[in-house]
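To start, the structure itself, in structure tokens.
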Amino acid sequence: MVRNVLWSNVVSARCLETGVGSCYRRRSPDKPARADYLNILELRSRMSALPAKPGLRLSVSEWHSNNHQLSATAEHERLISSVIRQDGRSLRNETNCKTTWDESDTRRRLSDRVWDVSRWKEALETCAQKVDEEMEALTLSKEQTEQALTATVTPLEVSTECLTLREGRRGYELVTDPVDEQLKKEVELIGRVQQVLQQHIDKAFEQLCVLQEVRHQLTADLQNKMDALDIDMSCLSLTIKSPQISLKTNPTRIPSGSSTPQEWVQFSQYNVARAQEAMQVSQQMREDMSLTRAQLQNELETQRRATEFALRKRNHNEEQARDELEWQIKSTEGEMTEMESDIHGLDADLQAKTASLKLAHTRLENRTNRPGMDLCRDEVQHGLVGEVHQLETTIMALKQKLSEAQHSLQKMKLHHARMLQDLSRKQEALSLEQRSMNTRSHLTSASCTGKTPVLLVPLMNSSGRSNLQLLAQ
């Protein structure tokens, strides 16, 4: 009731100054009472700023009305002040609770965020450490493969040298024997082994580049996580009493390049998944390289033994052929000696038979000088004629046999010369085989020394550091 009276007095006073129409025009039932209070306060401030009118004489009723108006206005102002104070206190309590709750919720969210970032930081550190270990293991396997590739250089040189040495054979010794076949197979096998090992080395180098790129990506992500963790920890340590706090220009803006939580998680998951995939490929590659090295080593060892067996067998056959040829030469020389002795005997017999024939011819010719009836074909005449015919037949037979003997001796001499030449070539070939075997003895010594255990290098990453050192300091 009192409030209505005060309101009516205020309205009346306002209407006296501004007119009734404006008063009723400003007062609308759809506006709240507080807005009217504020309008009245604004009107009073404007009225107080008007210049004072010249003094007018007022009635007692007007005086009482003015006093009543002043009291009503004071009560109204106190009421408005009370309402404003209550609203202010309520607002203070509400905003204090809201601010305290928001700050607590922000601290909780910051703590959760710090935990999430720390968890991903640990996951990235673990993954980066595994990537470094895998890079070292792949580097070691690559170096072992390179050593295996280097170890094939000597066998290839030895096989090539053996083929070159055996090309020095002459005559019938220059044959395509099993040794040549095995040596050519060995050269072909070594070439194939070198090609396969080089392919594995190239793939390992490419995979090392992939692992290096993955490691760089993990390091960059980990560096960002550590920077973000430092910032969030710093934000979590701030309070309203911290000297570092201040008002900033447009702090609610969205920075360029911002990401959503889902994108943030997916980015780290992608980096870890890519690193794990690269490590799996690297592990499979190391297993393949190890298996390939073992298989190729077995093939090379098998071929080496086959080649050396063929070489030893060929060397044995060469020695047998040389011994057989030496025996044949020795026998032929003995036969030639006997043949020469027999030729001398045949020639002596031929000379003796020729002398006997001369004697018979002389006797026959002398007996033709007998006179008269004494030129008789008597027993002596028939005996000398028979003797001449026999001696001529004998001489002819001796000449024929002498010619055959001389021809045989000449043939034996020619064959003896051929055998001596062939023996010389066999000795040269045997010497080349011996040199080949001596050359291949280096392979046996190298294979024996190659069985020593391989020393493992200390674990370190690609930059040469033995410990995992990240970009964050």
Side-chain angles (χ1 to χ4, degrees), residues 131-167 179-215 277-311 435-464 466:
V131 169
D132 283 340
E133 293 175 357
E134 184 59 34
M135 288 177 63
E136 294 302 328
L138 183 59
T139 301
L140 179 59
S141 181
K142 175 176 169 289
E143 290 176 354
Q144 292 175 350
T145 305
E146 290 175 347
Q147 292 175 0
L149 178 60
T150 305
T152 59
V153 174
T154 300
L156 181 61
E157 292 178 352
V158 168
S159 300
T160 305
E161 184 178 357
C162 290
L163 285 173
T164 304
L165 286 174
R166 300 185 91 250
E167 288 296 324
V179 178
D180 279 338
E181 297 176 358
Q182 294 298 331
L183 284 173
K184 291 178 181 178
K185 288 173 61 177
E186 188 173 31
V187 171
E188 182 180 357
L189 176 61
I190 293 174
R192 182 174 62 84
V193 167
Q194 289 180 343
Q195 183 179 2
V196 172
L197 291 177
Q198 187 62 49
Q199 290 176 355
H200 280 284
I201 292 173
D202 295 339
K203 291 181 180 178
F205 178 76
E206 294 175 359
Q207 188 61 28
L208 280 174
C209 293
V210 173
L211 288 173
Q212 183 68 26
E213 181 182 358
V214 169
R215 180 65 175 82
E277 181 181 359
M279 286 189 291
Q280 290 179 355
V281 173
S282 177
Q283 291 174 0
Q284 183 64 37
M285 187 174 296
R286 287 192 292 109
E287 293 176 359
D288 292 342
M289 282 195 293
S290 178
L291 181 61
T292 300
R293 287 198 306 270
Q295 290 178 347
L296 295 178
Q297 184 64 31
N298 291 335
E299 292 180 6
L300 289 174
E301 183 65 19
T302 301
Q303 183 60 44
R304 183 185 67 82
R305 293 181 179 181
T307 303
E308 290 180 355
F309 174 77
L311 190 59
R435 289 178 59 186
S436 299
M437 293 181 66
N438 293 334
T439 303
R440 293 189 65 85
S441 63
H442 299 291
L443 295 181
T444 306
S445 59
S447 63
C448 293
T449 56
K451 295 180 181 179
T452 57
V454 180
L455 297 178
L456 297 179
V457 298
L459 185 63
M460 58 180 60
N461 53 30
S462 59
S463 61
S466 58

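Atom CE of residue M279 and atom CZ of residue R286 lie 11.0 Å apart, to the nearest 0.5 angstrom. Atoms CD and OG1, on E167 and T164 in that order, are 7.5 Å from each other to the nearest 0.5 Å. Going from atom CZ of R166 over to atom CG of L311 covers 6.5 Å, rounded to the nearest 0.5 Å. Distance NZ/K185 to OG/S159: 13.0 Å, rounded to 0.5 Å.
In this structure the side chain of M289 never reaches within 4.5 angstrom of the side chain of K203, judged on heavy atoms. In this structure the side chain of K142 never reaches within 4.5 angstrom of the side chain of Q207, judged on heavy atoms. Looking only at side-chain heavy atoms (C-beta outward), L208 and M285 stay at 4.5 Å or farther from each other. Proximity of R435 to C162: side-chain heavy atoms (C-beta onward) are nowhere separated by under 4.5 Å.
Side chains of T150 and E146: a donor-acceptor N/O pair is absent below 3.5 angstrom, by distance only.
For the side chain to side chain contact (heavy atoms under 4.5 Å, CB included) with L296, the qualifying choice from T145, L149, V196, L189 is V196, the only one to do so.
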Legend entry - Derivation and outcome, side-chain contact (heavy atoms from CB on, under 4.5 Å), residues S436 and E161: CA-CA 8 Å; S436 299; E161 184 178 357; over 6 Å; no
Legend entry - salt bridge (Lys or Arg N to Asp or Glu O under 4.0 Å) evaluation trace for E301 with R304: CA-CA 5 Å; E301 183 65 19; R304 183 185 67 82; 2.3 Å; yes
Legend entry - Derivation and outcome, side-chain contact (heavy atoms from CB on, under 4.5 Å), residues E186 and L163: CA-CA 11 Å; E186 188 173 31; L163 285 173; over 6 Å; no
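The minimum heavy-atom distance linking A151 with P155 is given by the pair O-CD, 2.9 Å. Shown here for L156 and V187, the closest heavy-atom pair between the two residues is CD1-CG1, 3.9 Å. Summarising the geometry of R293 relative to Q144, their closest heavy-atom pair is NH2-OE1, 3.0 Å, with the distance given to 0.1 Å. For A278 against V210, the heavy-atom pair with the smallest separation is CB-CG1, 4.2 Å. Contact detail for E134 and S282: the closest heavy-atom pair is OE2-OG, 2.6 Å. The two residues L211 and V131 have their closest heavy-atom pair at O-CG1, 3.9 Å.
No salt bridge links K184 with E181; every basic N to acidic carboxylate O contact stays at or beyond 4.0 Å.
Applying the side chain to side chain donor-acceptor pair (under 3.5 Å) test to pairs two or more places apart or on separate chains, those with a residue in residues 189-198 are T152-Q194, R192-E299, Q198-D202.
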